[in-house]
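First comes the structure, then the notes that go with it.
All figures in this text were calculated on a predicted structure; none of them were measured in a lab. Convention: sequence-line order gives letters A, B, ...; per-chain numbering from 1.
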Amino acid sequence: MNTNLSTDKKVKIKVIREKQKMDFTTILIYIGLFLLALLCFLPFYIMMINATHNNASIAQNFNLLPGGRAIANYTTMSARVNIWTGFRNSLIVSGGGTALLAYFGTMASYGFSKFKFPGNKALFWVVLCTMMVPPQLGIIGFYNVIVKLNLMNNLLALIIPMIASAQFVFFVRQYMDGTLHKSILESARIDGASELRIFNKIVLPLSLPAIATMGMFNFIFSWNQLLIPQIVLRRTNVRTVPIIVANARGIYQTDYAPAYMAISLSVIPVMIAFVFFSKHIIGGITAGAVKG
Amino acid sequence: MFKSVFKNDKYAHYGYIFILPFFIVMAVFMVYPILNTFYLSLTSWDGGVSSPDFIGFKNYGRVLEDIRTGGIFLKSIGNTWIMWILNVIPQFFLALALAVLLTSKSFKGKEFFRAVFYLPNLITMASVGALFLFLLDYPGGSINNLLIRYNFRDEPFNFLQSVWASRLSISTLLTWMWFGYTMIIFMAGIKSIPEEYFEAATVDGASKWKAFMNITLPLLRPIMIYQVVTSVIGGLSMYDLVQVLTQGRGGPMNSTTTMVMQVYRQAFTNNNFGYSSALAIALFIHIFIVVFIAIKVIKPHQVD
């Protein structure tokens, strides 16, 4: 390094040098990244393409262009599995559970955030501890509880437990600590509003951004679940989409075409949701992690 | 910030009412099941209407016997670790390299790549498992057709019938599903490093590699610890993908059976709910020890 040059000049020279050698490396890097991006999408592409071909074509060729058998495959698929019942069940579970969580989870966050009752810290610590426990640990006990409560093959067995999301309470409480001002609550009290009314009319709407972020996450998490639904939903008519898809091989054996159709139908809604919400979803991941 | 406002005021007790529904659900569906699993591990129970018989620590004796004689549970511990390690090493390297690249200022198209790399993680794992069960099929699966069509192989290969090919397939799929997620976490970590550090390094004439080794890597350490810990908890309780991809068999010859699969199988296939509970507790102790060691080992080396 030439010590006579001022730092300013040094930086400038460095920048110019880097610009010159960038072009070639940059192109290579972008090619690599595009290949990786292709790799992320290709399996889903092949899946959808295969859903439009017949068995023989799938088994003998590697197809990259759509065929004309989509409707025929859909008919064969529907004859053996009603995937729409699965969608209905999944929607009831994830939608209902998320709604309950949005209400009662926010309620708990509010309780922790704005009320200094004895034991607040200790109880919140208990909530944090449950975040560390893998959900698979208590499955046998969970099964036992569901049997005792007579909730086997009942979607409520998956909906109600969604309220106990420690992540939700942790995140929404933090949001309230920073944004929900005591003056608003106090003036509402002076106006004679009841505590529940304050919660419903003021706290809930003001916390909506945080509720939406965490609600979306819990919805996706619930939508993708397999193990717990497998344990409590044994009957065919209450099965959620992941349970149906997990059984695709057993149902269709080497009947490739309808199987690909079933799997495609299970994946496409998630993909469509991702196209619209990808920014929020990715933003939410980082919000949870950096603080942890 | 506003927490202390209502200290000692007459409204404080309303807090109990607000947290009550949450705690009832948590107690009934989360805490009680864990305690109950511990109790059931001391019993013999077939999961039916008959009540569990208390048998003391016999189930734990059986777990130890399995481990001593190299039974399926011991095997499942090994399988889970092998598949997790083979997935996590490439996953972390790839995620770190991509995170550095995508956070660099001159980089264009960050949001597009970030979204596409994350896509495999968002898709239901059961669907991914089912999809690859068909794609990897023998002899007519699409991956075999691809390899033959472009002359990578002459004969189709039976991926899911060879011990190491099936393990490697699962690890590769896990890397594929998780590198985007890990990358996003690392990107957030890099972005939280003050810009001035890098500017100062550039002014001092440090190369990009040096800046990475001396600034990015040490300051990323807390995030990496977090990522290792969450990944090991998730990895050791691996279930969905393997369960679907091997149709619940953990084949070939239990060389891909994971610990949670063994817990599930003992209870819901073999009706040994007591023994299954003991396995679940053993799994928990295992995870607890590993996380404890991980935190202890990584922390002392932390750069002030």
Side-chain angles (χ1 to χ4, degrees), chain A residues 1 7 11 33 37 40-41 43 46-47 50 59 61-62 104-105 107-108 110-112 114-117 120 130 134 136-138 140-142 144-145 160-161 163-164 169 177-178 181-182 195 224 226-227 231 242 245-246 248-249 256 259-260 263 266-267 270 274 278 282 285-286 289-290 292, chain B residues 1-3 5-7 12-16 18-19 21-22 25-26 29-30 32-34 36-37 40 113-120 122-127 130-131 133-134 140 142 145-146 149 184-185 188 192 202-203 205 226 233 237 239-240 244 247 260 267 273 276-277 280 284 287:
Chain A
M1 252 333 136
T7 30
V11 173
L33 287 173
C40 287
F41 189 68
I46 304 288
M47 162 191 83
N50 280 350
N61 310 318
F62 180 70
F104 292 109
M107 212 175 222
Y110 177 52
F112 278 121
K114 293 289 174 278
F115 298 88
K116 261 294 186 190
F117 52 86
N120 182 315
T130 63
Q136 289 86 347
L137 170 64
I140 310 299
F142 183 79
N144 194 13
V145 168
I160 300 170
I163 294 172
V169 171
D177 282 352
H181 291 250
K182 50 132 193 178
E195 291 300 310
N224 288 342
L226 177 66
L227 178 60
I231 289 170
V245 170
R249 185 62 194 234
Y256 290 150
Y260 276 113
I263 300 166
S266 81
V267 166
V270 184
F274 188 58
S278 67
I282 289 169
I285 303 172
T286 42
V290 177
Chain B
M1 237 185 289
F2 306 104
K3 266 187 291 184
V5 170
F6 294 125
K7 201 168 189 173
H13 66 275
Y14 279 104
Y16 291 118
F18 282 122
I19 65 169
F22 175 84
V25 174
M26 201 171 88
F29 293 103
M30 205 168 184
Y32 177 78
I34 292 172
N36 191 235
T37 304
L40 288 173
F113 287 113
R114 202 174 56 167
V116 178
F117 294 162
Y118 179 63
L119 182 70
L122 188 74
I123 306 291
T124 316
M125 250 203 197
S127 297
L131 171 59
L133 180 55
F134 285 100
S142 291
N145 291 337
L146 170 82
R149 174 162 160 183
I184 290 169
I185 303 280
S192 68
T202 320
V203 170
Y226 166 85
I233 294 175
S237 32
Y239 172 82
D240 291 20
V244 180
Q247 296 183 269
V260 175
F273 282 73
S276 164
S277 303
F284 175 67
I287 291 176

(request) Examine distances only and state if a side-chain atom of B:N36 and a backbone atom of A:F142 form a donor-acceptor pair shorter than 3.5 Å. (result) no
(message) Using every non-hydrogen atom in the two residues, find where B:S142 and A:F62 come nearest and quote the distance to one decimal.
(response) O-CD1, 3.4 Å
(request) Would you mind telling me which of A:P134, A:P43, A:A248 has the largest number of heavy-atom pairs within less than 4.5 Å of chain B? (result) A:P43
(request) Could you look at B:I287 and say if it's the side chain, the backbone, both or neither that has a heavy atom under 4.5 Å from chain A? (result) side chain
(request) Please determine, among B:S276, B:S237, B:A280, the option with the most heavy-atom pairs under 4.5 Å with chain A. (result) B:S237
(message) Counting heavy-atom pairs closer than 4.5 Å to chain B, which one of A:G105, A:G111, A:S278 comes out on top?
(response) A:G111
(request) Could you check which of A:I231, A:I46, A:V169 has the highest count of heavy-atom pairs closer than 4.5 Å to chain B? (result) A:I231
(request) State, yes or no, whether a side-chain contact exists between B:I19 and A:Y110 at a heavy-atom distance under 4.5 Å. (result) no
(message) With a 4.5 angstrom heavy-atom cut-off, is it the side chain or the backbone of B:Y239 that approaches chain A, or both, or neither?
(response) side chain
(request) Identify which part of B:L40 has an atom lying under 4.5 Å from any heavy atom of chain A, answering side chain, backbone, both or neither. (result) side chain
(request) Starting at CG of A:N224, measure out to CG of B:D240 and round the result to the nearest 0.5 Å. (result) 8.5 Å
(request) Pick whichever of A:A246, A:G138, A:P242 has the most heavy-atom pairs under 4.5 Å with chain B. (result) A:G138
(request) Grab the two heavy atoms, one from A:L226 and one from B:A126, that are nearest each other, plus how far apart they are. (result) CD2-CB, 4.3 Å
(message) Please classify the contact between B:F134 and chain A as side chain, backbone, both or neither, with a heavy-atom cut-off of under 4.5 Å.
(response) both
(request) State, to 0.1 Å, how close A:F104 and B:P21 come at their nearest heavy-atom pair, and which atoms those are. (result) CD2-CB, 3.5 Å
(request) Side chain from CB out, backbone as N, CA, C, O: work out which of these in A:L33 comes under 4.5 Å of a heavy atom of chain B, or both, or neither. (result) both
(request) Would you mind reporting whether A:C40 and B:L119 have side-chain heavy atoms less than 4.5 Å apart? (result) no
(request) Counting only heavy atoms closer than 4.5 Å, note whether A:N120 contacts chain B via side chain, backbone, both or neither. (result) neither
(message) Can you confirm whether B:H13 sits close enough to A:F117 that some side-chain heavy atom of one is under 4.5 Å from a side-chain heavy atom of the other?
(response) no
(request) Grab the two heavy atoms, one from A:K116 and one from B:A12, that are nearest each other, plus how far apart they are. (result) O-CB, 4.0 Å
(message) Need one label for A:V145: side chain, backbone, both or neither, based on atoms under 4.5 Å from any heavy atom in chain B.
(response) side chain
(request) Give the C-alpha distance, both sets of side-chain angles, the deciding distance and a yes or no for side chain to side chain contact (heavy atoms under 4.5 Å, CB included) between B:S277 and A:I140. (result) CA-CA 6 Å; B:S277 303; A:I140 310 299; 3.3 Å; yes
(message) Is B:F113 close to chain A through its backbone or its side chain, or both, or neither, when contacts mean heavy atoms under 4.5 Å?
(response) side chain
